[in-house]
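Treat the numbers as computed from the prediction; the structure is a model and nothing was measured. Just so it is clear: chains get the letters A, B, ... in the order the sequence lines come, proteins before strands, and each one is counted from 1. Quick note: numbers below take in every heavy atom, side chains included, and nothing from hydrogens, waters or symmetry partners.
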There are 2 protein chains.
Amino acid sequence: MKTIKDIAQMAGVSKSTVSRYLNGGSISKNTKEKIHKVVEETGYKPNQFAQSLKAKRTGLIGAIVPRLDSYATTETLKGIETSLLKQDVQTMIVNTDLCMEREIDSIYMLAKRKVDGIILMATHISEEHMKAIKAVDCPIVIVGQSHADLLSIVHDDYNAGKQVANWLIKHNKHHITYVGVSENDIAVGKTRKDGLFNPLKEHGIQPKFIESSFSIKDAQQIGENITIREDEVIVAATDNIALGIYHTLLKAEGMMPTIIGFGGNKITEIVAPTIQTVKFKYNLAGETAVDVLNKCINNQPVEKLSVIDTYFEGLDK
Amino acid sequence: MKTIKDIAQMAGVSKSTVSRYLNGGSISKNTKEKIHKVVEETGYKPNQFAQSLKAKRTGLIGAIVPRLDSYATTETLKGIETSLLKQDVQTMIVNTDLCMEREIDSIYMLAKRKVDGIILMATHISEEHMKAIKAVDCPIVIVGQSHADLLSIVHDDYNAGKQVANWLIKHNKHHITYVGVSENDIAVGKTRKDGLFNPLKEHGIQPKFIESSFSIKDAQQIGENITIREDEVIVAATDNIALGIYHTLLKAEGMMPTIIGFGGNKITEIVAPTIQTVKFKYNLAGETAVDVLNKCINNQPVEKLSVIDTYFEGLDK
DNA sequence: TTGTAAGCGTTATCAT
DNA sequence: ATGATAACGCTTACAA
């Protein structure tokens with residue numbers, strides 16, 4: 001690989017002149033052309049490490065995701081990349097496969113690689129996380145969960161639940177089964193559920209509650225033990241749960257109730273209109289994350305918490 | 001940020017001693033402990049750029065993918081990451097969103113970042129690709145397509161088609177509609193189709209052929225104009241096409257034929273057993289890619305082309 | 001406008 | 001076992 005020294009020699013100038021050429025310093029037209037020619041011929045590219053050794057920014061940001069095979073993840077990443085590409089910044093995606101240890105490791109690893117910032121799609125922020133985040137001294141924003149001490153982007157889970165509640169109330173649905181997840185997951189397990197249950201309660205409606213995991217398999221299990229009335233509506237905390245239940249019910253060949261999920265997963269369209277879904281603006285969340293991160297990097301004032309709204313276009317029936 | 005110099009000073013030794021400590025050189029137990037203590041306290045991490053400036057390897061490999069929201073992509077990436085993690089190598093995933101220009105750019109970008117190697121999940125290898133690949137002088141393996149001048153990993157598309165053909169023959173299916181894609185895509189459009197059509201031909205069976213794009217939307221369109229006999233089997237070149245057709249047929253509430261797709265997409269299980277699918281070993285493909293890449297990096301002999309087999313566990317009906 | 005030289009934070013090669 | 005010292009490829013004062 002050619003170095004700046006080689007180019008300088010070949011062009012018959014000094015290293016610094018080449019450096020200036022590269023970085024837009026002032027040089028005579030003549031030398032400019034000489035250097036240009038050599039650069040073209042050799043296909044010379046400056047060594048990024050040598051560059052980064054001096055300059056502080058790497059033009060790289062890290063995105064830590066819990067998994068790749070999720071609609072939420074890929075859509076958020078799309079939002080992130082779209083924003084970042086405009087600034088000519090690359091994204092280094094690190095998949096942790098839901099392993100918390102790898103999540104922590106990744107924070108250190110990315111910091112070591114001197115990324116300009118980190119976007120963490122969080123499932124749960126532990127003490128370990130906080131320790132790592134403090135330690136690395138690298139701008140971080142988390143999306144999907146909120147934390148008082150961190151810059152966070154969250155979806156409006158309470159309102160998401162409420163939007164479904166409103167729809168149920170409007171359409172006079174009284175027999176509701178909610179298949180949720182553990183309240184350990186604040187956003188999905190608690191907030192989303194509260195958003196659904198509270199307004200319903202005001203109307204004297206109390207859904208049946210069944211707890212599931214996030215896994216499609218477990219949801220299928222649950223589908224087997226569910227009893228449905230004619231006018232039942234099943235609300236599932238996630239699209240995957242909705243799909244799992246749907247599948248079981250489909251195989252059972254009994255009644256197929258309306259099922260409502262959360263996430264806006266495209267796949268639910270395949271079984272629309274049986275499954276309806278509350279849409280989350282993942283792209284926007286990703287873009288917002290970049291926005292917040294940028295502000296943080298540039299020491300501009302930022303809002304600690306950004307809330308992204310959701311929407312539910314429930315069918316009229 | 002602390003540097004090796006700081007650590008050296010704090011521990012009262014020289015830079016080189018610290019460096020030796022870091023890299024497992026020979027040092028006395030005493031100094032080792034002194035340094036260890038300081039490193040612990042400060043949370044010191046060596047600067048990777050300074051390291052990479054000397055060492056040739058970065059412990060980073062690049063994975064260029066055409067899209068993130070695809071089962072094939074995420075599964076292959078999983079295979080890649082599993083292998084790589086064992087060697088303590090990170091993956092830098094670059095998503096090109098099916099934009100060929102970004103694919104080319106990414107090759108240059110990754111090379112600039114001095115990745116140890118590149119895995120390219122290819123849709124089509126153009127002249128531009130070859131030019132870039134030659135230019136960067138960085139080990140590359142492509143997966144999903146084969147190219148005479150490149151290290152490639154491919155799925156056994158011909159056999160995949162043949163496996164379906166065998167099943168059709170065995171179960172006496174004579175009325176078959178094949179929804180394929182353009183033959184511009186060698187692997188999917190041509191090889192897969194040939195694998196299906198050739199054996200059928202030997203048994204005097206000639207499927208109807210309809211050309212689709214890869215998009216689920218287009219497949220839905222096609223579903224609308226399809227006519228089905230009682231004992232029809234629809235074979236779709238991809239799971240997404242299968243799903244699209246399924247959806248349309250479902251809405252039409254007419255007959256629901258058996259539909260066979262390719263890819264092993266988990267989502268098809270949701271509508272099993274209507275949709276069956278030929279499974280591809282994406283994980284293995286990813287692992288193999290890493291394997292080949294490693295050999296290439298270490299100048300060991302490698303097979304130019306690795307073929308990954310597929311399997312189809314067709315239902316007995 | 002151009003060149004010289006001193007870093008940037010490591011590792012590697014010498015001596016000691 | 002340890003410490004100087006010279007790279008690595010680049011940027012950036014500072015001189016010229």
Requested in this report: Return each pair, listed once, that meets salt bridge (charged side-chain N to carboxylate O under 4.0 Å, His left out) where at least one residue sits in residues 27-44 of chain A; pairs must be two or more places apart or across chains.
Outcome: A:Lys37-A:Glu41
Requested in this report: Rounded off to whole Å, could you give me the NZ-to-P distance for the B:Lys114 and D:dC10 pair?
Outcome: 8 Å
Query raised in the report: Side-chain donor-acceptor pair under 3.5 Å between A:Thr17 and A:Ser14, yes or no?
Result: yes
**Report entry** Test applied, side chain to side chain contact (heavy atoms under 4.5 Å, CB included); reference residue, A:Thr91; option that passes from A:Val89, A:Ile93, A:Val94
**Finding:** A:Ile93
Query raised in the report: Which is true for B:Ile27 with a 4.0 Å heavy-atom rule: it touches a base, it touches only sugar-phosphate, or it touches nothing?
Result: sugar-phosphate
Requested in this report: May I have all residue pairs that pass salt bridge (charged side-chain N to carboxylate O under 4.0 Å, His left out) and include part of residues 90-102 of chain B, sequence neighbours excluded?
Outcome: none
Query raised in the report: Of all heavy-atom pairs between B:Asp309 and B:Asp156, which one has the smallest distance, and what is that distance?
Result: CA-CB, 4.1 Å
Query raised in the report: In residues 31-47 of chain A, what residues come within less than 4.0 Å of DNA chain D, judged by heavy atoms?
Result: A:Tyr44, A:Pro46, A:Asn47
Requested in this report: Please state how far atom CD in B:Gln9 lies from atom C1' in C:dG9, giving the value in whole angstrom units.
Outcome: 13 Å
**Report entry** Distance below 4.0 Å between A:Ser19 side-chain N/O and D:dC10 OP1 or OP2
**Finding:** no
Query - Spacing between B:Phe49 atom CZ and D:dT11 atom P, to the nearest angstrom - result: 14 Å
Report task. Could you pull out the closest heavy-atom pair between A:Ile153 and A:Ile308, with the gap in Å? Result -> CG2-CG1, 3.8 Å
Query raised in the report: Quick one: is C:dG9 close enough that its OP1 or OP2 comes under 4.0 Å of any side-chain N or O from B:Gln51?
Result: no
Query raised in the report: Angle, rounded to 10°, between the helical axes spanning five pairs at each terminus of the helix from C:dT1-D:dA16 to C:dT16-D:dA1?
Result: 40°
Query - ring pair (Phe, Tyr, Trp, His ring centres under 6.0 Å) partners of A:Tyr71, counting only residues at least two apart - result: A:Tyr282
Report summary line: Atom CD1 of A:Ile7 and atom C1' of D:dG9 are separated, to the nearest Å, by 12 Å
Query - Touch class at under 4.0 angstrom, heavy-atom based, for A:Ser26 against every strand present - result: base
Report summary line: note: A:Tyr21, atom OH; D:dT12, atom P; distance rounded to Å ~ 18 Å
Query raised in the report: Ignoring hydrogens and angles, are the base of C:dT10 and the side chain of B:Lys15 linked by a donor-acceptor pair under 3.5 Å?
Result: yes
**Report entry** Side-chain N,O (B:Ser28) to OP1/OP2 (D:dT2) below 4.0 Å
**Finding:** yes
Query raised in the report: Without hydrogens or angle criteria, can the side chains of A:His124 and A:Gln145 be said to hold a donor-acceptor pair below 3.5 Å?
Result: no
Query - Side-chain N or O of A:Ser14 closer than 4.0 Å to phosphate OP1/OP2 of C:dG3 - result: yes
Query raised in the report: Roughly, in whole Å, what's the span from NZ in B:Lys5 to P in D:dA4?
Result: 13 Å
Report task. Mind calculating the distance between CZ (B:Arg20) and C1' (C:dT10) to the nearest angstrom? Result -> 13 Å
Sequence neighbours excluded and cut-off under 3.5 Å, please list the side-chain donor-acceptor pairs for residues 75-84 of chain A, or say none.
unit_1	atom_1	unit_2	atom_2	d
A:Glu75	OE2	A:Lys78	NZ	3.2
A:Thr76	OG1	A:Ala72	O	2.6
A:Lys78	NZ	B:Asp69	OD2	3.3
A:Glu81	OE1	B:Asn95	ND2	3.1
A:Thr82	OG1	A:Lys78	O	2.4
A:Ser83	OG	A:Gly79	O	3.4

Query raised in the report: Minimum heavy-atom separation for B:Thr123 to B:Pro66, with atom names?
Result: CG2-CB, 4.0 Å
Query - Spacing of A:Leu22 atom CG relative to D:dT12 atom C1', expressed in whole Å - result: 14 Å
Query raised in the report: When only distance counts, do a donor and an acceptor, one from the side chain of A:Ser16 and one from the base of C:dT4, lie under 3.5 Å apart?
Result: yes
Query raised in the report: C:dT2 phosphate, OP1 or OP2: any side-chain N/O from A:Thr17 under 4.0 angstrom?
Result: no
